[in-house]
Trainee: 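The following block contains the structure, expressed as structure tokens.
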Amino acid sequence: MSVFLRSMPRAIAPAGVHVDVYAASHGQCIAPADDQPPLRLIHVEGERFADGLLAAVEAAGTDYALVHSHYWTSAEPGLRLAEGLGVPHVFTGHTIAAIKEHAGGAPEPDARKNAEADAVRHSQAVVTFTEDESTLLRQLLRLAPDRLHAVPMGVDLALFKPQSRALARAALKIERDDRVVLSAGRIEPYKGTDVLLQALSRLPDTRGVRLLVVGGTEDEAGVEWLQRMARSCGASGLLDWRPAVPQHELAAYYAAADVCAVPSLHETFGLAALEAMACSTPVVASDAGGLRELVRHGETGLLCPPGDVAALTAALDAVLSDPQCAERMGEAGALRARLFTWDASAARLAAVYRAVASAGA
């Protein structure tokens, strides 16, 4: 979500759409170094975000055409703001509780499910990232097809691009001959990191194998859970956990990897897979959600049934044991990633905005 909210305002500006981002703050806020036009980031006190949002908008003095809320925590404040301004409301969930539960995830709080249901019901448009997500929303929340708009995310091709694996490994202090499997993002059971650990522990040959997990911080419960899972399946010696890094540093990790693994139960889009592909790194991922729309099985990577340890082991072994095949898939992935630019994404979102705004005029 943060990548979308940082990238889209800049990409959509040439289409004549100005976007201001209002974000809840929970303490002192320091504007990012690249917080400059066309990106305007406005902080609102988190403790009273819903109440303070309208005041912040009025203080900004901008005549907005619509409100676009992101994630369930912003749904109710966004709906209230749109009603107060008398403009249409657009909603993007990024992840939807009903879809997570449908995919086998842990039960989500009722407050979240109710907020998402209200947002879907009362918004003039719901923007998803894939056709798969649109289909599931139609089925699970009974949303009319004409209110759903699939707008794929983009990837920064100037940042995420093929580069020297040897140089990337040297910079990250990774042995040149290691066989590196990368997992980037949040650490939680829904992301399938425990399944990945089990799969790696069952490889026919684990010599030189390193599971490089990039995400979280030392004080997060997910990191302790990850280490506990590694011990339980005898994979502690394979695990190399590193804290989350800024996005401009992440490209080196993709470049350093032999394969990027995305074994989630479900992915709304699968940005890590797309970023890896842009860096010419093959992907082994779950055959679920947006991942099946991004990864071409056998061409840019391999897809496996979610949660299937044996299938994931076989896929990882196929990539790690055949460098030439991995190289071909990496090159094909880099070509496919060029289809997912922020400019293309912005053009589609601008069309949605114009349709919604004109219908509400």
Side-chain angles (χ1 to χ4, degrees), residues 1-10 12 17-32 35 38-101 108-129 133 137 140-144 147-149 151 153 186 268-269 349-350 352-357 359-361:
M1 182 169 64
S2 61
V3 173
F4 180 94
L5 293 175
R6 179 65 60 82
S7 303
M8 182 56 78
R10 292 188 174 85
I12 205 170
V17 179
H18 174 85
V19 178
D20 287 342
V21 178
Y22 289 80
S25 64
H26 300 276
Q28 183 180 7
C29 296
I30 301 175
D35 180 16
L39 173 61
R40 185 164 69 151
L41 177 61
I42 301 167
H43 293 286
V44 179
E45 183 183 344
E47 296 294 325
R48 51 186 300 275
F49 182 70
D51 295 328
L53 189 54
L54 181 57
V57 168
E58 291 175 342
T62 303
D63 186 17
Y64 294 112
L66 58 83
V67 173
H68 189 170
S69 297
H70 295 267
Y71 201 53
W72 73 272
T73 52
S74 296
E76 191 270 340
L79 285 168
R80 284 175 53 183
L81 175 62
E83 183 179 7
L85 297 176
V87 299
H89 183 264
V90 178
F91 176 65
T92 296
H94 291 269
T95 59
I96 299 291
I99 294 178
K100 292 184 71 174
E101 291 183 352
E108 294 288 332
D110 287 340
R112 173 176 183 171
K113 288 185 281 190
N114 291 337
E116 290 173 344
D118 285 344
V120 165
R121 187 178 304 114
H122 298 296
S123 297
Q124 281 65 48
V126 176
V127 173
T128 67
F129 294 128
E133 185 185 9
L137 283 178
L140 298 174
L141 298 181
R142 299 180 180 178
L143 185 62
R147 292 173 56 225
L148 282 159
H149 306 269
V151 179
M153 291 184 69
R186 295 196 312 276
T268 300
F269 182 70
L349 185 60
V352 174
Y353 283 168
R354 291 195 177 95
V356 171

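Residues take their numbers from the sequence shown, with the count starting at 1.
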Trainee: Tell me the closest heavy-atom pair linking Leu140 and Ala98, and the distance in Å.
Mentor: CD1-O, 3.7 Å

Trainee: Side chains of Thr62 and Arg40 only: does a donor on one sit below 3.5 Å from an acceptor on the other?
Mentor: yes

Trainee: So, His94 versus Thr268: side-chain donor-acceptor pair below 3.5 Å or not?
Mentor: no

Trainee: If you define the side chain from C-beta out and look only at heavy atoms, does anything of Tyr71 sit under 4.5 Å from Arg112?
Mentor: yes

Trainee: Are any side-chain N or O atoms of Arg10 and backbone N or O atoms of Arg6, one a donor and one an acceptor, separated by less than 3.5 Å?
Mentor: yes

Trainee: Determine whether Glu108 and Lys100 make a side-chain contact, defined as any pair of heavy atoms from C-beta on separated by less than 4.5 Å.
Mentor: yes

Trainee: Can you check side chain to side chain contact (heavy atoms under 4.5 Å, CB included) on Tyr64 and Val57, steps first, answer last?
Mentor: CA-CA 9 Å; Tyr64 294 112; Val57 168; 3.6 Å; yes

Trainee: Tell me if the aromatic rings of His68 and Tyr353 count as close, with their centers under 6.0 Å from one another.
Mentor: yes

Trainee: Decide side chain to side chain donor-acceptor pair (under 3.5 Å) for Tyr22 and His43; before the verdict, give the C-alpha distance in whole Å, the side-chain angles of both, and the deciding distance to 0.1 Å.
Mentor: CA-CA 6 Å; Tyr22 289 80; His43 293 286; over 6 Å; no

Trainee: Between Asp20 and His18, is there a side-chain heavy-atom distance shorter than 4.5 Å?
Mentor: yes

Trainee: Answer yes or no: is there a side-chain heavy-atom contact under 4.5 Å between Thr95 and Trp72?
Mentor: no

Trainee: Before giving the answer on side chain to side chain contact (heavy atoms under 4.5 Å, CB included), spell out for Leu137 and Ile99 the whole-Å C-alpha distance, their side-chain angles and the decisive distance to 0.1 Å.
Mentor: CA-CA 8 Å; Leu137 283 178; Ile99 294 178; 4.3 Å; yes

Trainee: Report yes if the side chains of Val90 and Ser69 come closer than 4.5 Å at any heavy-atom pair, otherwise no.
Mentor: no

Trainee: Please assess Leu349 against Ile12 for the test side chain to side chain contact (heavy atoms under 4.5 Å, CB included), listing each intermediate value before the final yes or no.
Mentor: CA-CA 8 Å; Leu349 185 60; Ile12 205 170; 4.2 Å; yes

Trainee: Please lay out, stage by stage, how Glu45 and Phe49 fare under the test side chain to side chain contact (heavy atoms under 4.5 Å, CB included).
Mentor: CA-CA 6 Å; Glu45 183 183 344; Phe49 182 70; over 6 Å; no

Trainee: If you define the side chain from C-beta out and look only at heavy atoms, does anything of Lys113 sit under 4.5 Å from Glu101?
Mentor: yes

Trainee: Is the shortest side-chain N to carboxylate O distance from Arg48 to Asp51 below 4.0 Å?
Mentor: no

Trainee: Regarding Thr128 and His149, is there a side-chain donor-to-acceptor distance under 3.5 Å anywhere?
Mentor: no

Trainee: Can you name the closest pair of heavy atoms from Ala115 and Ala75 and give their distance?
Mentor: O-CB, 4.0 Å

Trainee: Quick check: does any side chain N or O of Glu133 sit under 3.5 Å from a backbone N or O of Phe129, one acting as donor and the other as acceptor?
Mentor: yes

Trainee: For Thr92 and Val127, indicate whether the former's side chain and the latter's backbone hold a donor-acceptor pair under 3.5 Å.
Mentor: yes

